[in-house]
Amino acid sequence: VYWLKRDGPPDMVSQLGERVQTIADRRGDVYLASQGLLCLAFEKLLGGRYNDARALCARLMDFGRRTGDPRSSAMALSALALVNVYDERYEEALEHADEALRLSPSPADRLTTLAAKGAALSLMGRAAEGVEILRNVRREILEGHRLTLLLGVDLPYGTALALAGEMDAGVRMLEGAIKRFT
């Protein structure tokens, strides 16, 4: 809630995230630990702190290796793909997305990873490929009623549509996404 609403001190999410890690470590809760690190990585990413986000992805990757949990490793790679998209490192984004897709046992993680891959393709001049991936991801999200995942898909999809020459559809998608998520 603090991450989404930005209430309280600027370091509140980091403070709470470290508390989550302490609790997860004490309980031996792999799921809680991995989700906490993922949330912290996204918080840094959305704050424009790409190196901090990368460091948290590395922690999550190391955690996945130590615990033998492929989902944690896949989540780290997926988040790293998204960091690379934001940081305009598209080739790296594709590499990390493809590796995450090989590891991930989770349908939701697969969709978010494909969204990062579609965004990278679109922004590196392969908009038609990106649109196709993002269109399929969006359809699967809607069919599976995983609507919270649209937050990471609708903006890249609208951008990809515009870059692929479908300007009106892209602008409508972006305007609708901004309205929905505001």
Side-chain angles (χ1 to χ4, degrees), residues 2-4 11 13-14 16-18 20-21 24-25 29-127 129-134 136-138 140-141 146 148-160 163 177 181:
Y2 280 102
W3 179 53
L4 294 172
D11 65 339
V13 173
S14 294
L16 291 172
E18 292 306 324
V20 166
Q21 292 310 301
D25 290 345
D29 190 328
V30 171
Y31 179 78
L32 182 61
S34 63
Q35 291 295 312
L37 286 169
L38 183 65
C39 182
L40 286 172
F42 284 148
E43 193 265 337
K44 299 301 182 201
L45 169 63
L46 295 177
R49 297 175 63 189
Y50 304 144
N51 290 334
D52 292 341
R54 277 191 181 81
L56 284 156
C57 290
R59 274 179 65 186
L60 182 54
M61 179 67 79
D62 181 60
F63 177 77
R65 283 189 197 113
R66 282 187 291 112
T67 59
D69 180 38
R71 183 169 187 217
S72 295
S73 297
M75 287 189 309
L77 288 162
S78 181
L80 194 52
L82 196 55
V83 171
N84 288 326
V85 168
Y86 275 69
D87 201 17
E88 299 180 33
R89 295 162 74 164
Y90 307 125
E91 291 293 339
E92 290 176 58
L94 292 178
E95 290 171 18
H96 290 119
D98 286 340
E99 190 175 347
L101 290 167
R102 283 191 294 277
L103 289 175
S104 183
S106 164
D109 293 348
R110 183 182 63 78
L111 291 171
T112 57
T113 302
L114 284 169
K117 183 175 182 173
L121 287 167
S122 297
L123 293 168
M124 64 191 296
R126 295 165 59 184
E129 290 175 77
V131 165
E132 186 62 27
I133 289 171
L134 290 163
N136 289 332
V137 166
R138 193 167 195 286
E140 281 188 53
I141 287 171
R146 294 183 166 106
T148 57
L149 298 179
L150 287 178
L151 181 60
V153 175
D154 280 357
L155 293 175
Y157 183 45
T159 302
L163 290 171
F181 297 120

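Index from 1, following the sequence. Given the structure is predicted, the values throughout are model-derived calculations rather than measurements. Excluded from the calculations below are hydrogen atoms, water molecules and symmetry mates; all remaining heavy atoms, backbone and side chain alike, are included.
Applying the side-chain hydrogen bond (donor to acceptor under 3.5 Å, both in side chains) test to Q35 and every residue at least two apart in sequence or in another chain returns nothing. Applying the side chain to side chain contact (heavy atoms under 4.5 Å, CB included) criterion to V20, with sequence neighbours excluded, gives L32. Residues passing the side-chain hydrogen bond (donor to acceptor under 3.5 Å, both in side chains) test with T67, sequence neighbours excluded: none. Looking at residues two or more places apart in sequence or on another chain, you find no side chain to side chain contact (heavy atoms under 4.5 Å, CB included) involving D25. Partners of R102 according to the side-chain hydrogen bond (donor to acceptor under 3.5 Å, both in side chains) rule, which considers only residues two or more places apart in sequence or in another chain, do not exist here. Applying the side-chain hydrogen bond (donor to acceptor under 3.5 Å, both in side chains) rule to S122 yields no partners; only residues at least two apart in sequence or on another chain are considered. For E95, there are no side chain to side chain contact (heavy atoms under 4.5 Å, CB included) partners at least two apart in sequence or on another chain. Applying the side chain to side chain contact (heavy atoms under 4.5 Å, CB included) criterion to L123, with sequence neighbours excluded, gives V85, Y90, T159, L163.
Listed by first then second residue, pairs satisfying salt bridge (charged side-chain N to carboxylate O under 4.0 Å, His left out) with a partner in residues 74-85 number zero, not counting sequence neighbours. Here salt bridge (charged side-chain N to carboxylate O under 4.0 Å, His left out) pairs that include residues 151-160, with residues two or more places apart or in two chains, are R138-D154, D154-R180. Contacts classified as salt bridge (charged side-chain N to carboxylate O under 4.0 Å, His left out) and involving residues 45-58 (residues at least two apart or in different chains) are given here: R49-D52, R54-D87.
Note that the OG atom of S104 and the CE atom of M75 stand 8.5 Å from one another [nearest 0.5 Å]. Atom CD of E43 sits about 10.0 Å away from atom CG of L16, to the nearest 0.5 Å. Taking CG of L82 as the reference point, atom CG of L77 lies at 13.0 Å (rounded to 0.5 Å). Note: L80 CG to R89 CZ = 8.0 Å, rounded to the nearest 0.5 Å. The CZ atom of F63 sits 7.0 Å away from the CG atom of D69 when rounded to the nearest 0.5 Å.
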message: Set out, in order, the CA-CA distance, both residues' side-chain angles and the distance that settles side chain to side chain contact (heavy atoms under 4.5 Å, CB included) for N84 and Y50, then state yes or no.
response: CA-CA 8 Å; N84 288 326; Y50 304 144; over 6 Å; no
- request: Step by step, work out the side chain to side chain contact (heavy atoms under 4.5 Å, CB included) result for K44 and S14.
  value: CA-CA 9 Å; K44 299 301 182 201; S14 294; 2.7 Å; yes
task: Output, in order, the C-alpha distance, side-chain angles, deciding distance and verdict of side chain to side chain contact (heavy atoms under 4.5 Å, CB included) for Y86 and L46.
output: CA-CA 9 Å; Y86 275 69; L46 295 177; 3.7 Å; yes
- prompt: Given M124 and E91, is the side chain to side chain contact (heavy atoms under 4.5 Å, CB included) satisfied, shown in steps?
  reply: CA-CA 8 Å; M124 64 191 296; E91 291 293 339; 2.8 Å; yes
Name the atoms and distances for all side-chain donor-acceptor pairs under 3.5 Å in residues 108-121, with sequence neighbours left out.
{"residue": "D109", "atom": "OD1", "partner": "R71", "partner atom": "NH2", "Å": "3.2"}
{"residue": "D109", "atom": "OD2", "partner": "R71", "partner atom": "NE", "Å": "2.6"}
{"residue": "D109", "atom": "OD2", "partner": "R71", "partner atom": "NH2", "Å": "3.4"}
{"residue": "R110", "atom": "NH2", "partner": "E140", "partner atom": "OE1", "Å": "2.5"}
{"residue": "T112", "atom": "OG1", "partner": "A108", "partner atom": "O", "Å": "3.4"}
{"residue": "T112", "atom": "OG1", "partner": "D109", "partner atom": "O", "Å": "3.0"}
{"residue": "T113", "atom": "OG1", "partner": "S78", "partner atom": "OG", "Å": "2.7"}
{"residue": "T113", "atom": "OG1", "partner": "D109", "partner atom": "O", "Å": "2.8"}
{"residue": "K117", "atom": "NZ", "partner": "D98", "partner atom": "OD1", "Å": "2.8"}

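Between L134 and Y157, the shortest heavy-atom distance links the atoms CB-CD1, 3.5 Å. For the residue pair L155 and A177, the shortest heavy atom distance occurs at CD2-CB, 3.9 Å. Listed here is the closest heavy atom pair of C57 and A76: O-CB, 3.4 Å. Of all heavy-atom pairs between L103 and P70, the closest is O-CB, 4.0 Å. Nearest heavy atoms, Q21 versus L37: NE2-N, 3.3 Å. The two residues L40 and V13 make their nearest non-hydrogen contact at CD2-O, 3.6 Å.
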